[in-house]
Amino acid sequence: MKKHDIDELEKLQKQLSSNISLKNTFKLTDIKLVAGIDIAYWSNEGIDYGVCCIVVFDYLTKAIIEEVHHIDKIEFPYISGYLAFRELPLVLDTVKKLKNFPDLYMFDGNGYLHNRHMGIATHASFYLKKPTIGVAKTYLKINNVDFIEPENELGSYTEIVVNEEVYGRTLRTRENVKPIFVSCGNWIDLDTATHVVLHFVEKNSRLPITTRYADLATHEVRREELSRIKK
DNA sequence: GCGACAG
DNA sequence: ATCTTGTCGC
């Protein structure tokens, strides 16, 4: 990837970022279906492949309503700060397979917590036309700002503030585990995003089950694909 | 050359 | 992300 190409991607991110809104466009009581999205990778004969899995949950009962996946070649490299350009094409093709329409999407990665506020969750919202939330497992440092460790208690969080602005939260989802990093994708406020994440956190995992199940599903598909290749 | 680096 | 077993500590 050359610097000139990166400049173009950055330009697109800046254009899109002017349309971000961190206010709820919905009432929480109207949220029925919430989707968790993740991708797993492998390579075969020098070609990179990825599978995107989307698991749709009923918000109230947490029952799984639908599960779809889509496999394709991955052309774009991973570049920190430009994850959406690598993963979003596969995500959008997978969304097309859904028969149910989620009211909210949760991503593995950041949203507003990004140099230009354009992590994958935010970037995706403009194509999905729905509220999104970013949930990252590791910290993406912005302008050399470190995160503040939250108290060692379920639900404790600290704000990630860069240039006087709140970019996201460091959230403890269980005792004695590393925190996760929650940020708004779009059309949702940070309090609501945090609330939804905690709603889907169960005591088995540090991640909300939306993201967790999507992650497990991608591993399943990859395992099947790899064994198919060998035969 | 060295360190940083969501997934 | 991925390559990977046991092991230390709640």
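Letters A, B, ... mirror the listed sequences (proteins, then strands); counts begin at 1. Just so you know, these numbers come straight off a predicted model, no measurement behind them.
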Trace of the side-chain hydrogen bond (donor to acceptor under 3.5 Å, both in side chains) decision for A:T192 with A:N24: CA-CA 8 Å; A:T192 306; A:N24 289 356; 2.9 Å; yes
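- Base pairing in DNA chain C yields no stem of at least 3 consecutive Watson-Crick or G-U pairs with both distances under 3.5 Å.
- Identified under the salt bridge (Lys or Arg N to Asp or Glu O under 4.0 Å) test for residues 93-104 of chain A, with sequence neighbours left out: A:D93-A:K96.
- The aromatic rings of A:Y49 and A:W42 lie parallel to each other, their planes meeting at an angle below 30°, with 60° marking the opposite boundary.
- Between A:E10 and A:K14 there is a salt bridge, since a side-chain N of the basic residue sits under 4.0 Å from a carboxylate O of the acidic one.
- By the 30° and 60° cut-offs, the orientation of the rings of A:Y127 relative to A:H123 is parallel.
- For the pair A:E175 and A:T218, both in contact range of DNA chain C, the more 5′-proximal nearest nucleotide belongs to A:T218.
- Under the 4.0 Å criterion applied to side-chain N and carboxylate O atoms, A:E202 and A:R212 are not assigned as salt-bridge partners.
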Check against side-chain hydrogen bond (donor to acceptor under 3.5 Å, both in side chains), A:Y213 and A:E67: CA-CA 10 Å; A:Y213 281 29; A:E67 219 171 324; over 6 Å; no
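- Atom CD in A:E75 sits roughly 22 Å away from atom P in C:dA1 (whole-Å rounding).
- For residues 47-63 of chain A, no residue pair satisfies the salt bridge (Lys or Arg N to Asp or Glu O under 4.0 Å) rule, not counting sequence neighbours.
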Quick tally for nucleotides 2-7 of chain B: nucleotides whose base has a protein heavy atom under 4.0 Å get B, sugar-phosphate-only ones S, the rest -, giving ---SBB
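- Scanning residues 196-208 of chain A for heavy-atom distances under 4.0 Å to DNA chain B yields an empty list.
- Between the side chains of A:R169 and A:T194, at least one donor N or O sits under 3.5 Å from an acceptor N or O.
- Nucleic acid contact for A:H219: sugar-phosphate only, since backbone atoms but no base atoms lie under 4.0 Å from a heavy atom of the residue.
- A:D38 pairs by the side chain to side chain donor-acceptor pair (under 3.5 Å) definition with nothing, not counting sequence neighbours.
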